[in-house]
Amino acid sequence: MALLWNPPVLAADPAEGRWKTIDDQTGQPKSIVEISQAANGTLSGRIVELLNPSKPNPACDKCRDDRKGKPITGMEIIRGMKRDGDAYSGGTILKPDEGKVYKSKMELIDGGDKLEVSGCVAFICKSQVWVRQ
């Protein structure tokens with residue numbers, strides 16, 4: 001008799017999925033980010049589509065890390081977010097047009113239909129509200 005063993009499967013995190021980013025200055029949709037959960041439980045997010053880019057297939061020319069010069073579409077911009085209830089922290093977010101990496105927090109709002117994403121340097125923080133796709 002063969003025994004079947006199924007390894008434990010991580011439940012889908014409520015923040016997983018596709019999110020439309022909204023520019024905090026113009027209020028216009030900017031990109032689609034797909035958030036996924038790694039085997040260690042942390043979340044990461046990749047730009048899967050740029051909406052109305054200023055030029056075709058732009059690269060992250062201002063980035064100073066491993067993403068320097070790479071195409072923004074497909075780029076991982078959220079790294080290492082850890083869940084704490086409906087909130088997430090401990091990770092970073094990259095703003096490709098500036099090439100800057102910020103300490104980041106995220107929180108599900110409006111019953112999980114929206115995600116408030118903030119990036120901070122010292123005590124100065126900026127936030128955006130992303131809409132679930």
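Not measured: the values here are computed from a predicted model.
- Contact between Gln128 and Ile22 at its shortest, heavy atoms only, is CD-O, 3.3 Å.
- Between Arg46 and Gly74, the shortest heavy-atom distance links the atoms NH1-O, 2.8 Å.
- How far OG1 of Thr42 is from CD of Gln37: 8.0 Å, rounded to the nearest 0.5 Å.
- Under a 4.5 Å side-chain heavy-atom cut-off, the cluster of Ile, Leu, Val, Met, Phe, Trp and Tyr residues that includes Leu51 is completed by Ile32, Val48.
- Residues that satisfy the side chain to side chain contact (heavy atoms under 4.5 Å, CB included) test with Arg132, not counting sequence neighbours, are Trp19, Leu108.
- In terms of the side-chain hydrogen bond (donor to acceptor under 3.5 Å, both in side chains) criterion, residue partners of Ser31 (sequence neighbours excluded) are, by chain and number, Thr21.
- Residues satisfying the salt bridge (Lys or Arg N to Asp or Glu O under 4.0 Å) test with Lys68, not counting sequence neighbours, are none.
- Residues satisfying the side chain to side chain contact (heavy atoms under 4.5 Å, CB included) criterion with Thr26, sequence neighbours excluded, are Asp23, Gln28.
- With sequence neighbours left out, Asp65 forms a side-chain hydrogen bond (donor to acceptor under 3.5 Å, both in side chains) with Arg67.
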Output side-chain donor-acceptor pairs under 3.5 Å for residues 75-84, partner residues at least two apart or in another chain, one line each.
| residue | atom | partner | partner atom | Å |
| --- | --- | --- | --- | --- |
| Glu76 | OE1 | Arg79 | NE | 2.6 |
| Arg79 | NH1 | Asp66 | OD1 | 3.2 |
| Arg79 | NH2 | Asp66 | OD2 | 2.9 |
| Arg83 | NE | Gly85 | O | 2.9 |

May I have the list of side-chain donor-acceptor pairs in residues 90-101 shorter than 3.5 Å, sequence neighbours left out?
| residue | atom | partner | partner atom | Å |
| --- | --- | --- | --- | --- |
| Lys95 | NZ | Glu98 | OE2 | 3.4 |
| Asp97 | OD2 | Lys30 | NZ | 3.3 |
| Glu98 | OE1 | Tyr102 | OH | 2.5 |

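- For residues 111-128, every residue pair satisfying the salt bridge (charged side-chain N to carboxylate O under 4.0 Å, His left out) rule, not counting sequence neighbours, is listed here: Asp110-Lys114.
- With sequence neighbours left out, the side chain to side chain contact (heavy atoms under 4.5 Å, CB included) criterion links Pro58 to Leu50, Pro53, Lys55, Ile72.
- Contacts of Ser89 classified as side chain to side chain contact (heavy atoms under 4.5 Å, CB included), with partners at least two apart in sequence or in another chain: Lys105.
- Glu34 pairs by the salt bridge (Lys or Arg N to Asp or Glu O under 4.0 Å) definition with Arg18, not counting sequence neighbours.
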